[in-house]
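Start at 1 and go down the list; that is how both ligands and their atoms are numbered.
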Amino acid sequence: MSARLFIPSDSAAVSVGADRVARAIAEEAGARGIALALARTGSRGLFWLEPMIEVDTEKGRFAYGPILPGDAPSLFAAGFLAGGAHPKALGLVDDIPYLKNQQRLIFSRCGVIDPLSLDDYRRRGGLAGLGRAVALGPTRTIEEVVASGLRGRGGAGFPTGIKWRTVAGVAAEPKYVVCNADEGDSGTFADRMLLEGDPFLLIEGMAIAAFAVGATIGYVYIRSEYPHAFATFSAALARARAAGLLGPNALGSGRAFDVEARLGAGAYICGEETSLLESLEGKRGQVRVKPPLPAVSGLFGKPTVVNNVLSLAATPWILAHGGKAYADYGVGRSRGSQPFQLAGNVKRGGLVELAFGATIRQLIEDFGGGTRSGRPVRAVQVGGPLGAYFPQRLLDTPLDYEAMLAAKGMLGHGGIVVFDDSVDMARQARFAFSFCAAESCGKCTPCRIGSTRGAETVDKIVAGRDRPQNIQLLRDLCEVLTDGSLCALGGLTPLPVLSALDHFGEDFANDRARAAAE
Ligand SMILES: Cc1cc2nc3c(=O)[nH]c(=O)nc-3n(C[C@H](O)[C@H](O)[C@H](O)COP(=O)(O)O)c2cc1C
Ligand code: SF4
């Protein structure tokens with residue numbers, strides 16, 4: 001029997017040479033006359049170890065990394081196909097603490113299976129959730145999701161089951177399920193990893209949603225910067241169709257459901273659900289006034305479920321194990337698990353799926369191992385470009401919806417970006433305004449004009465011009481943005497700005513710039 005080897009084809013691994021490693025190992029095996037069964041997988045999300053390769057041994061999957069193409073001869077010489085000792089050996093992959101200490105409900109198959117093998121997917125529990133949903137019927141399926149306490153993982157945290165119940169209750173046809181895979185938040189990559197590493201999970205989640213609300217058509221809106229994800233997901237769709245999982249009688253449910261993948265329009269605002277719907281309809285991505293909610297009048301004016309990739313991908317587990325089992329994970333009103341994404345100046349960046357309850361410090365110290373630069377952590381931004389910056393003294397804040405809100409922050413899509421003590425927080429505040437100005441859809445004045453005036457005001461403060469008056473002006477402007485913006489792009493830009501001002505006020509006094517110049 002040929003030895004089984006697994007090399008990720010995830011774009012993060014490919015960006016650091018996974019394809020070249022796969023070629024070098026295949027060539028070396030050929031030269032040595034060794035038969036290899038080489039499978040390309042998604043990534044486990046241990047990015048600092050990529051390209052990380054795995055071999056099947058009697059004791060389990062054994063990992064090596066990070067591997068360079070030039071490592072191929074020494075790996076063979078060390079007998080790596082049987083788990084031989086090598087300077088890049090990492091041991092049994094399941095014993096690597098970064099992985100072992102996670103609670104992977106959504107990402108349990110990612111990096112393990114061939115993403116395009118439905119057999120692999122089924123063998124590892126795939127389609128059990130959809131099977132149970134069909135057995136339960138639409139109403140009880142929705143009640144399971146309500147009971148799970150699942151809240152939207154795209155940023156707003158709205159209860160998924162309630163959204164589905166609303167769509168199910170509207171008498172109109174057709175209905176749509178739209179998956180938001182625009183993933184615009186800085187430092188986030190969980191949607192992409194899932195699309196590349198376990199695409200059938202999303203397809204199953206969408207089929208469950210469609211079955212529950214009575215939708216017949218699904219769209220997945222994938223950001224244009226994700227060509228690998230788009231290709232893998234499109235290939236998975238074709239296979240799901242060929243296997244009868246999608247089509248006129250989706251998985252023998254007696255119901256029609258099909259899904260199309262669409263490339264996004266390259267704007268942050270196209271991740272906002274109503275802009276996304278405009279974009280899907282072929283128009284410019286501009287925010288719609290709510291109400292009506294998309295659940296009532298969404299795509300082409302029809303009832304539409306809009307959910308993030310991770311929300312939909314949680315539902316097969318919920319249906320397979322029961323809503324209560326999911327709700328047993330987590331704290332307070334934050335139930336289940338959250339795939340956190342560690343990025344920025346951190347030693348061990350990657351995906352960390354945990355039940356709600358861990359603190360920022362646990363994430364960046366226990367998992368992340370501190371900064372990559374070796375300098376002290378000074379600020380941590382949680383929740384993407386509209387999220388707050390946390391100083392050292394607030395790093396024990398738990399990463400759940402309520403605790404984040406109480407600390408004047410937000411969880412967003414679970415992105416955590418680490419900065420060391422070389423960061424200039426006045427510049428970060430300015431960046432928040434200029435990001436808002438660049439990405440504003442232009443529909444409302446506080447965001448369109450206020451963002452530009454905000455950047456100018458930060459410049460004046462840092463330059464020392466009427467500092468107390470301009471700081472007050474900045475706070476007033478933030479109030480106008482919070483209260484007067486039509487959507488959360490303008491409405492949440494004050495979070496990074498005010499957290500920078502409140503926790504790192506010294507940077508606005510220009511002391512750091514002066515100190516650097518001296
Ligand atoms: C400016 C802006 C950008 C957003 N970008 C995304 C995104 O990239 N992905 C996403 O799922 N949700 C994004 N959202 C949230 C969506 O509007 C919406 O709440 C979400 O897709 C609903 O799905 P969920 O309930 O499963 O989270 C964004 C919101 C705003 C205001
Ligand atoms: S807040 Fe900004 S992005 Fe949102 S609707 Fe207003 S102008 Fe558009």
Residue pair Asp185 / Tyr268, side-chain donor-acceptor N/O under 3.5 Å: yes
Element-labelled atoms of ligand 2 that are located less than 4.0 Å from some non-hydrogen atom of Ser440: 2 (Fe), 7 (S)
Distance-only donor-acceptor check, side chains Ser11 and Arg192, under 3.5 Å: yes
Nearest-contact summary for atom 19 (O) of ligand 1 - protein heavy atom, Å: Ala156 CB, 3.9 Å
Polar atom proximity, Asn307 to ligand 1 (N or O, under 3.5 Å): yes
Shortest protein contact, atom 13 (C) of ligand 1 (heavy atom only): Gly271 O, 3.2 Å
Polar contact flag, side-chain donor to acceptor under 3.5 angstrom, Gln428-Asp424: no
Atoms of ligand 1, numbered as shown, that sit under 4.0 Å from any heavy atom of Asn308: 10 (C), 11 (O), 23 (O), 24 (P), 26 (O), 27 (O)
Element-labelled atoms of ligand 1 that are located less than 4.0 Å from some non-hydrogen atom of Arg153: 26 (O), 27 (O)
For Leu489, the ligand 2 atoms whose distance to one of its heavy atoms is below 4.0 Å: 3 (S)
Pick from Gly491, Cys444, Ser275: the one approaching atom 6 (Fe) of ligand 2 most closely through a non-hydrogen atom: Cys444
Within 6.0 angstrom of Lys408 NZ, more than 12 heavy atoms from elsewhere: no
Any N/O pair Leu489/ligand 1 closer than 3.5 Å: no
For Ser311, atoms of ligand 1 separated by under 4.0 Å from a heavy atom: 24 (P), 26 (O)
Under 4.0 Å to a heavy atom of Gly184 - the qualifying atoms of ligand 1, by number: 8 (O)
Check: His413/Asp191 side-chain N/O donor and acceptor closer than 3.5 Å: yes
Shortest reach to atom 2 (Fe) of ligand 2 by a heavy atom, considering only Pro446, Cys447, Cys441, Gly484: Cys447
Those atoms of ligand 2 less than 4.0 Å from some heavy atom in Ser485: 1 (S)
Closest non-hydrogen atom pair between Phe189 and Gln341, with its separation: N-OE1, 2.8 Å
Asp114 bridged to Arg40 by N-O distance under 4.0 Å: no
Per-residue contact class, Glu272 against ligand 1 - non-hydrogen pairs under 4.0 Å: both
Phe356 ring center near Tyr401 ring center (under 6.0 Å): yes
Top protein contact for atom 12 (N) of ligand 1, by heavy-atom distance: Asn180 ND2, 3.1 Å
Any side-chain donor near an acceptor of the partner, Glu353 and Ser337, under 3.5 Å: yes
Residue, atom name and distance, where the atom is the protein heavy atom closest to atom 27 (O) of ligand 1: Gly154 N, 2.7 Å
Contact atoms of ligand 2, heavy-atom distance to Gly490 under 4.0 Å: 1 (S)
Atom 18 (C) of ligand 1 - nearest protein heavy atom and its distance: Glu273 OE1, 3.8 Å
Cationic tip of Arg223 above Tyr226 ring, under 6.0 Å, 45° of axis: yes
Ligand-residue contact atoms, ligand 1 with Asp182, heavy atoms, under 4.0 Å: 8 (O)
Numbered atoms and elements of ligand 2 in range of Lys443, under 4.0 angstrom, heavy atoms: 7 (S), 8 (Fe)
Proximity flag Lys163 to ligand 1, non-hydrogen atoms under 4.0 Å: yes
Under 2.8 Å: N/O/S of Cys487 next to atom 4 (Fe) of ligand 2: yes
Nearest non-hydrogen protein atom, atom 1 (C) of ligand 1: Tyr268 CE2, 3.5 Å
Basic-acidic side-chain contact under 4.0 Å: Glu144, Lys324: no
Polar side chain donor-acceptor pair, Glu281 to Ser279, under 3.5 angstrom: no
Contact summary for Glu50 and Arg44, nearest pair of heavy atoms: OE2-N, 4.3 Å
Centroid separation Phe419 to Tyr389 less than 6.0 Å: yes
